[in-house]
Amino acid sequence: MSTRNADAFLVDYAAGAARAPVGLLVATHLALNPEARRAYRALEAAGGALLEGIAPAAVSSDALARVLARTETPEREPAPAPRPVAAESFLPRALAELAPEGIERLPWRRIIGGVEEAALPVSDGRAKATLLRIAAGRAIPAHTHRGLEMTLVLDGAFADEAGRYARGDVCVTDETITHAPAAERARDCVCLLVSEAPIRLTGRFMRLLNPFLPR
Amino acid sequence: MLSVNRPRPACGPDRFAALAIRLEGAGRLAYQGRMDYPSQAAGPAEHVALVLRIARDGDRAAFALLFGHFAPRVKGYLLRLGTDGATAEDLMQEVMFTVWRRASTYDPAQAGVATWIFTIARNKRIDVLRRAKRPEFDASDPAFAPDPPAEPDREAERGEWQGHIAAAMAELPAEQSDLLRLAYFEDLSHSDIAARLGLPLGTVKSRLRLAVGRLRIRFSDEV
């Protein structure tokens with residue numbers, strides 16, 4: 001079954017080891033999910049504890065003097081100009097900045113009936129991040145994955161065998177898991193997807209479509 | 001008179017408590033002799049006091065003490081991650097200067113000083129060495145789902161977080177804390193850790209899940 005536990009990815013992100021697509025998904029997940037932030041704060045505190053315990057390294061004998069000298073001149077930290085985002089965006093900022101004109105203006109393309117995907121400029125050569133939309137009441141046919149797949153719900157909700165995933169929830173799957181996420185009837189389900197490879201449809205007839213799925 | 005431009009040999013981390021700093025010249029400050037502040041063996045609560053002095057009074061003597069404790073550890077952290085000596089020295093100074101600049105934003109209710117400085121060092125390293133801004137979340141974002149309101153009587157305890165989390169870390173079984181060290185100090189994602197150790201990915205994920213579970217429970221006991 002898919003799992004909603006993303007702890008290993010929280011560790012990656014807290015440690016600074018997460019690559020761009022996973023980092024984007026985790027940052028967005030944390031903006032939307034107060035419960036996940038509790039685990040994350042504990043992990044950042046762990047980072048502080050590890051820093052305290054590390055063997056101190058020798059520093060240059062004029063290091064303090066240099067830093068103190070800098071405190072004399074009013075060096076202002078440049079406030080990062082927030083990139084403009086579409087008004088009333090329901091997307092947390094890190095993601096909204098990647099779609100400054102709103103997600104409707106992204107290049108959406110059909111994957112299979114009722115399911116669309118839009119590319120985001122975020123990849124690390126191994127995994128990429130995309131937006132996924134499952135039309136209200138529709139489902140992605142039963143499929144497994146050829147690697148990691150993480151799905152963060154941004155709007156609406158979907159259900160699979162493991163339960164209901166709503167805004168702020170993360171669904172983690174891989175090549176050992178087959179599922180058929182179904183969007184609720186009330187509204188389209190929009191998700192942020194991080195995946196290492198295209199899905200592999202597993203239904204007896206659906207699998208014939210695998211070579212034709214866009215990538 | 002110090003010449004800040006001439007390269008100096010490295011010196012040990014424990015000089016700072018008794019170091020007489022003299023910065024002479026027009027418009028510069030001069031400190032001399034021992035400082036009557038908590039010793040360098042000070043713990044987390046003293047570090048909070050130092051940051052608050054820096055924030056409130058621009059207290060450079062307090063900063064020097066904080067520097068004496070954290071600069072060698074920040075540099076040690078950067079070296080552990082494979083940064084070369086000169087870059088680690090520069091980045092460490094950049095981190096400590098950021099500590100000075102951002103002291104007024106430090107909130108003892110949110111985290112201990114070591115945690116705060118760890119996050120500055122982590123982010124600075126990513127920004128500079130990966131030349132990519134780390135994606136962040138922030139509470140002022142309209143899309144941010146706010147925390148449930150904190151219980152007021154818990155707020156006072158948060159200053160002691162740093163000591164408590166250190167105890168929680170020490171209680172983790174080695175097979176869990178070893179994985180955390182690889183993540184924080186070797187810059188390895190959990191799938192890279194599995195590959196490095198030759199462990200099944202599921203094993204690494206479940207050990208990390210157990211570690212996170214224990215840290216989270218211990219942490220929320222305290223807060």
Side-chain angles (χ1 to χ4, degrees), chain A residues 5 7-12 15-20 22-24 27-28 30-34 37-39 41-72 75 77 88-94 96 148 168, chain B residues 2 4 8-13 16 21 23 28 60 64 67 71-73 75-77 79-80 89 92-93 96-97 100-101 111-112 114-115 118-119 122 125-126 132 134-137 141 143-145 147-148 161-162 165-166 169 180 183-184 187-190 205 208-209 212 215-216 219-220:
Chain A
N5 185 280
D7 285 348
F9 298 97
L10 293 184
V11 173
D12 294 348
R19 295 299 181 259
V22 170
L24 173 68
T28 309
L30 290 171
L32 297 175
N33 194 313
R37 286 199 296 268
R38 292 160 64 92
R41 286 192 196 107
L43 284 170
E44 285 206 317
L50 288 168
L51 179 69
E52 274 287 8
I54 204 162
V59 305
S60 158
S61 62
D62 65 349
L64 175 58
R66 283 176 160 270
V67 177
L68 283 173
R70 289 176 74 182
T71 70
E72 298 301 319
E75 235 181 273
E77 192 164 23
E88 309 295 69
S89 174
F90 68 98
L91 300 179
R93 200 180 306 273
L148 165 71
Chain B
L2 277 178
V4 295
R8 294 277 172 135
C11 73
F16 290 105
I21 309 162
L23 299 168
R28 289 184 222 159
R60 285 173 176 76
F67 190 99
R73 287 166 172 82
K75 186 167 177 184
Y77 163 68
L79 289 171
R80 215 25 225 278
E89 176 69 36
M92 172 276 290
Q93 292 185 21
M96 295 312 297
F97 183 56
W100 166 269
R101 252 194 319 209
T115 300
F118 162 74
T119 63
R122 175 197 64 197
R125 179 191 161 263
I126 291 170
R134 174 186 150 94
E136 299 282 355
F137 59 96
D141 185 345
F144 184 86
D147 289 328
W161 282 6
Q162 208 64 63
I165 199 75
M169 290 286 292
L180 290 179
Y184 284 82
D187 197 27
L188 294 177
S189 69
H190 65 275
K205 289 177 82 155
L208 287 175
R209 180 175 179 169
V212 171
L215 292 175
R216 177 175 39 209
F219 211 49
S220 34

**Prompt:** Given B:Tyr184 and A:Leu43, is the side chain to side chain contact (heavy atoms under 4.5 Å, CB included) satisfied, shown in steps?
**Reply:** CA-CA 10 Å; B:Tyr184 284 82; A:Leu43 284 170; 3.6 Å; yes
**Prompt:** Do you know which of A:Thr28, A:Leu10, A:Asn5, A:Leu148 has the most heavy-atom pairs under 4.5 Å to chain B?
**Reply:** A:Asn5
**Request:** Decide yes or no for B:Arg122 and B:Tyr77: does some side-chain heavy atom of the first lie under 4.5 Å from some side-chain heavy atom of the second?
**Result:** yes
**Residue among B:Asp147, B:Leu180, B:Asp187, B:Leu215 with most heavy-atom pairs under 4.5 Å to chain A** = B:Asp147
**Message:** Report which part of B:Ile126 has an atom under 4.5 Å of a heavy atom belonging to chain A: side chain, backbone, both, or neither.
**Reply:** side chain
**Prompt:** Among A:Leu32, A:Val22, A:Leu30, A:Asn33, which residue forms the greatest number of heavy-atom pairs with chain B at distances under 4.5 Å?
**Reply:** A:Leu30
**Message:** Using 0.5 Å steps for rounding, measure from the CD1 atom of A:Ile54 to the CZ atom of B:Arg73.
**Reply:** 9.5 Å
**Structural part of B:Thr119 lying under 4.5 Å from a heavy atom of chain A** = side chain
**Fill in**
Honestly, the part of B:Gln93 sitting under 4.5 Å from a heavy atom of chain A is both
**Request:** Check each atom of B:Ala183 against the heavy atoms of chain A and say whether the ones under 4.5 Å are side chain, backbone, both or neither.
**Result:** both
**Message:** Please give me the minimum heavy-atom distance between B:Ile165 and A:Ala49, naming the atom from each residue.
**Reply:** CG2-CB, 3.9 Å
**Message:** Need one label for A:Ala55: side chain, backbone, both or neither, based on atoms under 4.5 Å from any heavy atom in chain B.
**Reply:** backbone
**Asked** Where on A:Asp7 is there a heavy atom nearer than 4.5 Å to chain B: the side chain, the backbone, both, or neither?
**Response** both
**Request:** Of all the heavy-atom pairs spanning B:Ala143 and A:Pro92, show the shortest one and how long it is.
**Result:** CB-N, 3.6 Å
**Item:** Under 4.5 Å from a heavy atom of chain A, the part of B:Arg134 involved
**Value:** side chain
**Request:** Just do the side chain to side chain contact (heavy atoms under 4.5 Å, CB included) check on B:Phe67 and A:Val67 with the steps written out, would you?
**Result:** CA-CA 10 Å; B:Phe67 190 99; A:Val67 177; 3.9 Å; yes
**Request:** Check A:Ala31 against A:Arg37 and note the closest heavy-atom contact, atom names and distance.
**Result:** O-NH1, 3.3 Å
**Message:** If we define contacts as heavy-atom pairs under 4.5 Å, which of A:Ala8, A:Ala39, A:Ala20, A:Gly168 has the most with chain B?
**Reply:** A:Ala8
**Prompt:** What part of A:Ala46 gets closer than 4.5 Å to chain B, counting heavy atoms only: side chain, backbone, both or neither?
**Reply:** both
**Fill in**
Counting heavy-atom pairs under 4.5 Å with chain B, the top scorer among A:Gly23, A:Ala18, A:Ala94, A:Ala42 is A:Ala42
**Request:** Flag the pair A:Glu72 / B:Arg60 as yes when at least one side-chain heavy-atom distance between them is below 4.5 Å, and no otherwise.
**Result:** yes
**Message:** Restricting to non-hydrogen atoms, name the atom on A:Ala58 and the atom on B:Lys75 that form the minimum distance, rounded to 0.1 Å.
**Reply:** O-NZ, 3.1 Å
